[in-house]
There are 2 protein chains.
Amino acid sequence: MVTIEDVARAAGVSRQTVSRVINRGPNVKAEVRQRVEALVEALGYVPNLSARRMGGGRSFLILAVNDRARTLENWRAGRGNDWVDQMLYGGMTECERHGYHLVFELIDTGADVAVRQLANVIGALRPDGVILTPPHSENDALVALLDQRAIPCARIGYRGQGAHIDVYMDERRAAREITEHLLALGHRRLGFIAGTPSYGASRARIEGFRGAITSAGLPDDAGFVRNGDFKFETAAGIVAEALAQDPAPTAIIADNDEMAFAVLHVADREGVRVPDTLSVVSFEDTPGVRFSVPPLSAIRQPTAAMIEKACERLIAAASGEASAGCYELPYLYLERASIGPGPP
Amino acid sequence: MVTIEDVARAAGVSRQTVSRVINRGPNVKAEVRQRVEALVEALGYVPNLSARRMGGGRSFLILAVNDRARTLENWRAGRGNDWVDQMLYGGMTECERHGYHLVFELIDTGADVAVRQLANVIGALRPDGVILTPPHSENDALVALLDQRAIPCARIGYRGQGAHIDVYMDERRAAREITEHLLALGHRRLGFIAGTPSYGASRARIEGFRGAITSAGLPDDAGFVRNGDFKFETAAGIVAEALAQDPAPTAIIADNDEMAFAVLHVADREGVRVPDTLSVVSFEDTPGVRFSVPPLSAIRQPTAAMIEKACERLIAAASGEASAGCYELPYLYLERASIGPGPP
DNA sequence: ATCGGAAATGTGAGCGTTCACAATGACGGT
DNA sequence: ACCGTCATTGTGAACGCTCACATTTCCGAT
């Protein structure tokens with residue numbers, strides 16, 4: 001393999017000058033820079049990342065951390081992992097732009113285990129930045145560890161005090177807006193099937209849902225909230241019960257696609273037409289929703305964009321820029337056939 | 001950060017002895033080994049991968065290469081990327097088991113570009129092994145580059161001469177078996193909507209499909225083949241035309257889910273009931289198929305298992321074991337409601 | 001011509017490992 | 001007690017880069 005020394009020799013300069021050229025450092029004569037660049041190209045020289053890291057302390061690696069249980073569960077269930085997929089998309093694209101590489105790892109949820117596992121990974125890899133996704137983004141012990149090791153950290157789906165890089169969307173506003181949208185369509189009896197309360201975004205959405213109902217001057221029982229667990233079966237039970245009420249809800253918001261599918265399924269079984277007598281909206285928008293019958297309207301987290309932003313800020317941080325801050329990204333609302341006007 | 005030297009000092013041994021312990025080398029007294037291991041744990045020592053790579057030539061990195069166009073297209077279309085997702089699952093799980101890390105990269109399709117891009121990535125990362133997925137697994141220039149750099153390489157979905165690590169499933173047999181299954185159900189008029197002919201697996205499946213028809217003693221026109229492009233629209237056109245034939249096919253096999261969805265869509269539009277008068281099978285099985293109406297029967301590539309196997313063999317190769325060879329993995333056939341008996 | 005200072009370039013050291021080899025220790029056989 | 005052998009441990013050097021600093025070159029002002 002050709003090293004920096006080979007290029008230096010060929011160009012008749014010292015390795016440090018070649019190093020300056022690669023790193024776009026100042027104080028290199030234009031003529032020399034060109035000559036070196038040509039040689040780099042001609043010899044096919046590619047700087048060795050390990051050596052760069054040894055010499056200069058930068059690894060050109062960004063570590064993206066996901067929750068093991070949640071990720072594996074999706075995989076094992078054959079359910080796919082759109083979140084992971086979107087992360088990869090946003091992360092890789094941005095990393096590539098800056099000559100960085102993305103390494104994806106899973107760590108467990110428990111506080112102690114998580115810290116130990118993260119310590120191991122950053123010890124081995126020495127990434128220039130770490131992306132924490134829910135629920136790890138809410139784990140202060142992990143953030144403390146990274147702070148102590150002076151590794152910049154970006155939290156996804158979490159809004160802190162501005163001392164770190166926080167990238168998120170406004171879950172509450174999204175829930176509020178979609179609820180207002182349904183109210184404007186004439187719905188007066190709404191249901192929200194939430195996920196587990198431990199899920200921060202879920203709590204925020206419930207707030208938004210309730211807020212919209214209250215602000216519209218409607219009685220509290222115009223909108224009911226039930227906690228599911230993101231699973232089909234549980235949600236199906238909740239839906240069956242809800243549809244049996246009198247008056248029955250004319251619109252249901254589900255916290256994720258699987259539960260929204262349960263709504264469609266039960267509605268079909270009970271002879272309730274969607275969207276004619278029941279409107280359905282989901283808070284996830286995995287690829288499958290386009291093929292459900294009818295296709296689901298959904299609010300989608302800007303996952304790829306969030307990870308892209310996180311990478312961008314982390315790389316900036318590694319380059320010495322000040323980059324902490326709170327970055328709110330807009331969500332997408334994708335209206336499809338599962339939503340329609342309320343009762344006359 | 002604590003280094004090997006710190007551990008050595010604390011244990012009262014030399015760094016080389018600590019190195020032997022970490023690498024499970026021979027010739028270390030049990031008592032010393034224990035003492036060192038305890039200290040490693042106590043001090044939280046984690047070997048620095050960059051330094052390891054500098055000293056010993058091993059990077060503990062596996063590089064997984066995917067096709068950029070195909071991957072990005074899926075992402076941009078909001079279609080998700082089950083393949084990538086499955087790769088990650090199988091790859092990470094296996095890498096983690098051996099203290100390895102998986103790095104995922106995209107490269108373009110053209111021969112020259114691909115070689116240049118791969119050269120850049122392996123130059124920077126110096127991975128201990130590279131996984132090539134279709135269509136790169138069929139690109140000899142890439143394999144030659146890796147051979148020249150002495151980096152072990154695993155090809156997914158391709159069967160070579162045994163000089164490399166090839167991991168694949170028998171596409172032809174899968175197609176043959178599903179066709180035979182349809183014939184056994186009484187279908188006598190079958191259609192195969194293939195992808196683009198440049199896709200090797202697609203060609204193999206066509207062979208299997210035709211083989212089954214012929215072996216059953218049926219005339220060639222009992223099974224027709226049409227080339228689509230994996231896209232909904234094109235497939236929809238093909239299906240509309242096919243269903244208008246007399247006699248119309250009673251079973252259609254599609255090369256991927258999107259085209260299978262097109263079959264369902266057109267059938268519904270034309271008033272053809274699935275599975276009553278038309279059976280549908282897909283060759284992909286992304287998560288969404290479970291939610292289609294009716295759910296699609298499908299043959300699924302053992303993607304995660306293939307990548308897992310590839311990683312396992314690559315890591316073995318990096319550890320000095322002989323590991324080249326051809327590894328055929330079993331596919332899965334998932335029968336769902338889209339398939340039924342043929343006409344009486 | 002001379003000098004000062006900035007721009008351009010070069011030099012030694014060090015990053016944390018492993019390698020190849022050297023040195024020491026232990027143990028059994030004579 | 002002594003030697004050979006093997007097991008165990010230690011020692012420089014090297015890997016390919018960047019850092020901090022030293023040196024040289026250049027240019028305009030005196």
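Protein chains get the first letters and strands the later ones, always in sequence-line order, with residue 1 at the start of each. Bear in mind that the values here come from a model prediction, so they are computed numbers and not experimental data.
- B/R58 comes within 4.0 angstrom of no nucleic acid atom, judged by non-hydrogen atoms across all strands.
- For A/R15, the listed nucleotide lying nearest its side chain is C/dT11; candidates were C/dT18, C/dG16, C/dT11.
- Rounded to whole angstrom, the span from the CD1 atom of A/I4 across to the P atom of D/dC15 amounts to 15 Å.
- Rounded to whole Å, the distance from NZ on A/K29 to P on C/dA8 is 8 Å.
- Considering only the side chain of B/S19, C/dT18 comes nearest among C/dT18, D/dT18, C/dG16.
- Out of C/dT17, D/dT8, C/dT9, the shortest distance to the side chain of B/R52 is found at C/dT17.
- Here A/S50 does not reach the OP1 or OP2 of D/dC15: none of its side-chain N or O atoms lies under 4.0 Å away.
- Taking atom CG of residue B/D6 and atom C1' of nucleotide C/dC15, one finds them 13 Å apart after rounding to whole Å.
- Of all nucleotides listed (D/dC17, C/dC19, C/dC15), C/dC19 comes nearest to the side chain of B/Q16.
- Comparing D/dT18, D/dC15, C/dG10 against the side chain of A/V13 picks out C/dG10 as the nearest.
- A 4.5 Å side-chain heavy-atom check between B/Q86 and B/Q301 finds every atom pair outside the cut-off.
- Salt bridge A/E73/A/R70: absent, no basic N to carboxylate O contact under 4.0 Å.
- Spacing between atom CD of A/E5 and atom P of D/dC15 amounts to 10 Å, rounded to whole angstrom units.
- Nucleic acid contact for A/N27: base, since at least one base atom lies under 4.0 Å from a heavy atom of the residue.
- Side-chain proximity of A/S14 to the nucleotides C/dA8, C/dG10, D/dG10 is greatest for C/dG10.
- Inspection of the A/D108 and A/Q117 side chains reveals an N or O donor paired with an N or O acceptor under 3.5 Å.
- In this structure, B/R53 reaches neither bases nor backbone, as no heavy-atom distance under 4.0 Å exists between it and the strands shown.
- Rounded to an integer number of Å, the gap from CG of B/N48 to C1' of D/dG16 is 14 Å.
- Atom-to-atom, CG of A/L49 to P of D/dC17 comes out at 10 Å; the value is rounded to the nearest Å.
- With respect to A/R35 and A/E31, a salt bridge is recorded, a charged nitrogen being found less than 4.0 Å from a carboxylate O.
- In terms of position on DNA chain D, the residue among A/A51 and A/R20 whose nearest nucleotide sits closer to the 5' end is A/A51.
- Proximity note for A/N23 (side chain, C-beta onward) versus C/dG16, D/dT18, C/dT18: the nearest is D/dT18.
- What separates CZ of B/R24 from C1' of C/dT18 is a distance of 17 Å, to the nearest Å.
- Side-chain contact check for A/I165 versus A/L314: some heavy-atom pair is nearer than 4.5 Å.
- Checked for salt-bridge contact, B/R155 and B/D166 meet the test: a charged N lies under 4.0 Å from a carboxylate O.
- Minimum atom distance to the side chain of B/T17 is reached by D/dT9, of the listed C/dT9, D/dT9, D/dG16.
- Side chain of B/Y45, nearest nucleotide from D/dT9, C/dT17, C/dG10: C/dT17.
- Comparing B/G57 and A/E31, the nucleotide of DNA chain C nearest to each residue sits closer to the 5' end for A/E31.
- Contacts of A/P26 with the nucleic acid, taken as non-hydrogen atoms under 4.0 Å apart, are absent.
- Residue A/G56 is in sugar-phosphate contact alone, with no base atom involved, counting any heavy-atom pair closer than 4.0 Å across all strands shown.
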